[in-house]
Structures are given as structure tokens and as C-alpha cells.
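Everything on this sheet refers to the single structure shown next.
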Amino acid sequence: MLENHPYEVIGNHPFTCWEGVNHSKLHLVHTMAEWKAFFALLNEQQLVACDTETTGFQWYNGDRIIGLSFGWKTDHFYVPLRHVDSLQETQPTQLNIDFIKKDLRVFFSDPNRVTVWQNGKFDQHFYAREGIQIRTKMHDTRILWQLFDENAPGALKTIASGWKDDLGRWHKGLVDKDANLLEKTISTWRGKEASLRRENFRKRVMSLADEYETRVEFQHLKRNDLKKYIAENVLNNDTLAKSSKEDIHYGYVPIWLMCQYAALDTFLTYRLYEFCVKNIQWTPQLSSLYRNELSLAQCLFEAEEHGVRIDRDYLIEVGKQYDQEIAALEAQIKEDLGDINLNSVQQLTEALLKVGVKLSKYTESSKDLPDEEKKFALDKAVLSKVKGQHRSVQALLKLRELQKLKSTYVDAILSKLTPEGILHCSFNQNVSTGRMSSYDPNLQNIPARDKVIRRAFIPLSDEFLYVFADYSQIEVRLTAHFSQDPLLLDAYAKNQDIHTRTFCEMFNLPIDEVSKVLKDENHPKYLEYSLLRGVAKRINFGIIYGVG
């Protein structure tokens, strides 16, 4: 137990305890004696909510478990494992995960036991790093909630505390509006810790600057330059050098505070599971869908574990090539427009107007201002319309394209590679459209037309090949089948592009003529028709996905 904290006796053993929302009991397990007593209780449970606290999200790049939480009904427990001392507080005793791995393997290897998770495959990755495989029957409240209300937010604390929908209507949470208060408390604590780290780092720099000022080799440096030199060269690897709030991971948070936060998570997960099981209108088809989604989650876990192989050397060379092209384009634009800041909309606007480019569209934020205060929009759509008026506009469009490719794909991918050259992402099956998405990074957004980036993706070994498949307009085709809409059926029977057909129906245009225009990028009406086809596409999908 922690001194000077309330406790509760469970199974003849006292545990430090806090009262949570809705009469939940949040217990701390931080000694081996407490673990043995807790584990005996845990093994008696057939349905247990589980959660994992970690230093970050990159399980493949060094982030680790800092604590585990388990719970059932109103009793929920937090097991701290790798918390570290902060400038604000020294951590009390905690468990060594190596001492409890055998027990964890016993618990999670029972195929008859039921465990409930919120996005369980995330936790599986971290357990796998510890050599623990989860073989229990896993339920996932993210999937269950999607079946209950696909349009509501999916974050656990939001579901618990309440939310506003797209129409501004308030929806009462499943537990209590105070369910997310601890997140704010922890955020404030991390902010204070970051501030203290910055202050301590500043003092170290100042102290060293006092010393270095007396050395002959630094006499030529002014005080501020000397401090900058010390920060960037002498103390650059200091533990306090990184001092933003994001650098303060949850392992620094005091165990007494983290216990309440983590144990509350399993309580909310348990309550959400009970709510969904009770309130979902179960049918044989829906039950089958849920089982399929659970199976898919396991497939996605394995896919995330394997990752994709990247040709690191090739991608580095691509990055160098992009840097050269970017530098050449910047030099060309400045030669045409003058030595301006290309990231300054105001300077760029003035320069383009000066060389005769006829800008017309104003930014949304300034369109209602007096003419002399209005600011021109310089986005891709606007510049594409005037790209023939001056070569600098074409160069600017190309520059932005290359900068996006470099930062979004080359730099982002290289920063996330493992030492073995493997790129791992996360797949999200809980998307309201029914499509699956990926993030961190988004592998489904690699430009299809840009084969340069795609060549960096190579099979894991010579035994594998990549097969590129595309379900052409699958959602609209399914809509045509189930609705038997005459227009949709006629379009597919004639092998017409459904979005072009919708565009032509909207504006009473002949589809053959429009189709020819859309195949010719140099046609005067190509850009206009492409934009309007995009509008029709959004309308088609908006109807399918129930846009408000």
C-alpha cells in the first residue's frame, strides 16, 4: 500500500484504493505480495477488461509497456512496471515485468477465458514484444460500438462522458461527464514537468556558460552565442534537452495518478462492453458480422506485425534527387519573381500580380473584407487555372508537389523504418464508410501515379510478390445491386463511369462528349469537367454514406 492513501481489503489483502466515477474502485498493485493476492482473484474471473499503458505508440521502434490494468464489474486494478522518477516526484515501489511474465502467460493462454479490450490489437503488439501471446477469446469495444452507433465518436472517454453530434445535439455519456477529467489533470502535470525541465536545462546552460567564458578558446563568442553553442554541442544529449510536453511520456506520471487513470480505462471498457451486448439489436447476420470483424482484427494484427519492406538506400537517393529538383525550382522562381519568401502568401501574391498573373479567387477568411484588405488564394486549384500565364506558376505547382512527396512520403517513411528496413503502420477497420484506413503512416495514400515512391516498397523476401488489385467503384456497384436503381444499372450495363454519368445527368450534358474531354488533359474544358465530376463523386458517396 501507499502511505497516507485510503485502502480496501480484497481477498484478505489490503490494496491502495481510490473511488472512481459511478462507484468504481480503482486499486493499485505494486508489490509482489499484492500481485500474488491479485492474481488469485484474477484467475477466478471468466470475463476481464484489459488495457496497457505505454511510453508511446511505436511498439516496433522502442516504445514499451509501463503498466497493465485489469478489471471486472466495479473492481479495477493497475500494475505499474516501468515508471521513472520525474522532477516533481520520486516513484514508489513497482513490479518488475520479468517476475510476473509466467503468470501473465498462464492467464492469457487460456482459450476459454474472455478478455475485453478497446482496440485490442494495439495491446497485443506490446504484449508480443514481451514474449506474451494472447490466446483468450478477445472482444473489442471499438468494434461493438461501431455496430451500435457508427456515427458516434469512437474514443472511450468521449463515449463515457458524452458528446455533441454534427447537428450540435448533446448525447449523454454511458458513465459520467467527469470520466475524462483525469486526462486534463495528467495533461496539466506533463506541462508542468516540461516547464521544470526547460528551466533546469536553462540553468545548466547558464552554469556551463559561466565556466566556458573563462576559457581562451571561447573568448571570441558573445554570451548568447556561447549559450547556443553549449545547448547544441555540449548538452545536446542531456536528458533535459528535449523538454516539450510530448517528450514527457506517461511513464513519468506519478503512479498514484496513473493508477486512477489506467484502472478507470478498464472500468469504462467493461461498462461499454456490457452496454453494447445488452443494447445492440442482435440478429444472426449482425452476430456473424461481429465474428468476422473480430477475425479481421486478428488478420490486421498479423499484417501490422509483418509490416512492409522498404528499400532504404533507394528511398534516400530519391530524397536527394527531390532536394536537388526543389532547389532548382526555388532558384528558377526567385529568378522570375525576385528574392522573396516562397512560404509567404503575401510576398508571393504581390510578385505574381507584378509579373501579370491574373489571380481572382480570394481566401475564405478575407472575401468579406474591403477590396484593399482582401487576400488572394494560392492553393492548387487556383494556381492550376492560371498556370499558362507565367512559367513561375507551373514551377510553383511542381515545387509544392515535390515538397509534399519529400516530406509526406520520403522523410516520413525513413523516420519510421526499423533497423531492418521494415515499415509498420496501423490499420483501422472502424471507419463509418465501411472502408478500412491506415495511419502512422497512411500506406493507402501513396500516390498511384507516382511510381518513384512505390518502387521503394519491395516484397519481404524472394518468395513473395506484390499483387495490385482495385475494386472498381465497389460501393456504388453494391448500391446499384441492392437498390436496383435504373440509372445506376443502366450506367454499369453500358460500362460508363458512374461519376461522369451523374455529372452529365446533373447538368444535362451528353456523356460521350464529356468522356472525350476527360481523356484529354489539354482540352480547354478538362479542368472544369474534372472539378464537376469530383462534385458528382462526392454526391454519390454522400448519398451512400448518409450525409446530413
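Positions are given from 1 along the sequence. Small disclaimer: the values here were computed from a predicted structure and weren't measured.
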Would you check if Leu272 and Leu144 make a side-chain contact, meaning some heavy-atom pair closer than 4.5 Å? no
Less than 4.0 Å between a side-chain N and a carboxylate O, is that true for Arg190 and Glu193? no
Begin with the C-alpha distance, continue with both residues' side-chain angles, and end with the deciding distance and a verdict on side-chain contact (heavy atoms from CB on, under 4.5 Å) for Ile248 and Trp189. CA-CA 10 Å; Ile248 314 299; Trp189 187 94; 4.0 Å; yes
Would you compute the distance between atom CG of Asn61 and atom CG of Leu417 and round it to the nearest 0.5 angstrom? 8.5 Å
All N/O donor-acceptor pairs, side-chain side in residues 151-160, below 3.5 Å, sequence neighbours left out:
from   : atom 1 : to     : atom 2 : distance (Å)
Lys157 : NZ     : Asp265 : OD1    : 2.4

Distance from Tyr439 atom OH to Asn428 atom CG, nearest 0.5 Å? 5.5 Å
OG1/Thr266 to CH2/Trp117 distance, rounded to the nearest 0.5 angstrom? 11.0 Å
Check whether the side chains of Gln473 and Asp497 place a donor and an acceptor atom closer than 3.5 Å, and report yes or no. yes
Kindly indicate whether the side chain of Leu296, heavy atoms from C-beta on, has any atom under 4.5 Å from the side chain of Phe427. no
If we only count heavy atoms from C-beta on, is the Lys406 to Glu325 side-chain gap below 4.5 Å? no
Which word best sums up how the rings of Trp145 and Trp163 line up, parallel for under 30°, tilted for 30 to 60°, or perpendicular for over 60°? perpendicular
Sub-3.5 Å donor-acceptor pair from the side chain of Ser187 to the main-chain atoms of Glu183, do we have one? no
Distance in Å, Asn119 CG paired with Arg142 CZ, rounded so as to fall on 0.5 Å steps: 4.5 Å
Any salt bridge between Arg455 and Asp311, counting N to O under 4.0 Å? no
Is the closest side-chain heavy-atom distance between Glu304 and Tyr60 below 4.5 Å? no
So do Val535 and Arg538 actually touch side chain to side chain, heavy atoms under 4.5 Å? yes
Any side-chain donor-acceptor pair under 3.5 Å between Gln118 and Thr269? no
Could you tell me whether the side chains of Gln321 and Glu317 share a donor-acceptor contact shorter than 3.5 Å? no
Report yes if the side chains of Asp123 and Cys50 come closer than 4.5 Å at any heavy-atom pair, otherwise no. no
Ser438 (side chain) donor-acceptor with Leu443 (main chain) under 3.5 angstrom: yes
Shortest non-hydrogen contact from Cys276 toward Trp282: O-NE1, 4.0 Å
Write down the atom of His306, the atom of Ile422, and the distance for their closest heavy-atom approach. O-CG2, 3.4 Å
Do other residues, nucleotides or ligands put more than 12 heavy atoms under 6.0 Å from the CZ atom of Arg64? no
Do Phe126 and Asp63 make a side-chain contact, defined as non-hydrogen atoms from C-beta onward lying under 4.5 Å apart? yes
For Thr185 and Leu181, indicate whether the former's side chain and the latter's backbone hold a donor-acceptor pair under 3.5 Å. yes
What pair of heavy atoms forms the shortest contact from Gly251 to Ile66, and how long is it? N-CD1, 3.4 Å
Is there a side-chain contact (heavy atoms from CB on, under 4.5 Å) between Ile511 and Phe503 once you walk through the steps? CA-CA 9 Å; Ile511 190 169; Phe503 158 44; over 6 Å; no
Go through it in stages, so that I can follow the logic: the residues are Gln332 and Leu399, the test is side-chain contact (heavy atoms from CB on, under 4.5 Å), and I'd like the CA-CA distance, side-chain angles, deciding distance and then a yes or no. CA-CA 10 Å; Gln332 177 193 320; Leu399 172 66; over 6 Å; no
Minimal heavy-atom distance between Gln484 and Leu489, with the atoms involved, is OE1-CD1, 3.5 Å
Heavy-atom donor-acceptor pair, Gln429 side chain to Glu293 backbone, under 3.5 Å: yes
Without swapping roles, check the side chain of Thr188 against the backbone of Lys184 for a donor-acceptor pair under 3.5 Å. yes
Side-chain touch Leu423/Lys416, heavy atoms, less than 4.5 angstrom: yes
Electrostatic pair Asp140:Lys121 at N-O distance under 4.0 angstrom: no
Please name the pair of heavy atoms, one in Leu460 and one in Arg309, separated by the smallest distance, quoted to 0.1 Å. O-NH1, 3.7 Å
Pairwise distance CZ(Phe148) to OG1(Thr141) - rounded to 0.5 angstrom: 13.5 Å
Distance col, row Lys228:NZ vs Asn233:CG, nearest 0.5 angstrom, shows 10.0 Å
Taking the six-membered ring for Trp, are Phe301 and His125 parallel (under 30°), tilted (30 to 60°) or perpendicular (over 60°)? tilted
Phe57, CZ atom: more than 12 neighbouring heavy atoms under 6.0 Å: no
Apply side-chain contact (heavy atoms from CB on, under 4.5 Å) to the pair Val452 and Tyr322, showing each step before the final yes or no. CA-CA 11 Å; Val452 175; Tyr322 282 164; 3.7 Å; yes
Are Asp247 and Arg197 ion-paired here, with the side-chain N under 4.0 Å from a carboxylate O? no
Quick one: do Arg501 and Asp490 satisfy salt bridge (Lys or Arg N to Asp or Glu O under 4.0 Å)? Show the steps, please. CA-CA 10 Å; Arg501 174 69 181 266; Asp490 181 65; 3.0 Å; yes
Do Asp520 and Lys516 meet the salt-bridge criterion of a basic N to acidic O distance under 4.0 Å? no
Thr54 versus Tyr250, closest heavy-atom pair with distance: O-CB, 4.2 Å
Test item: side-chain donor near acceptor, Gln124 and Gln298, under 3.5 Å: yes
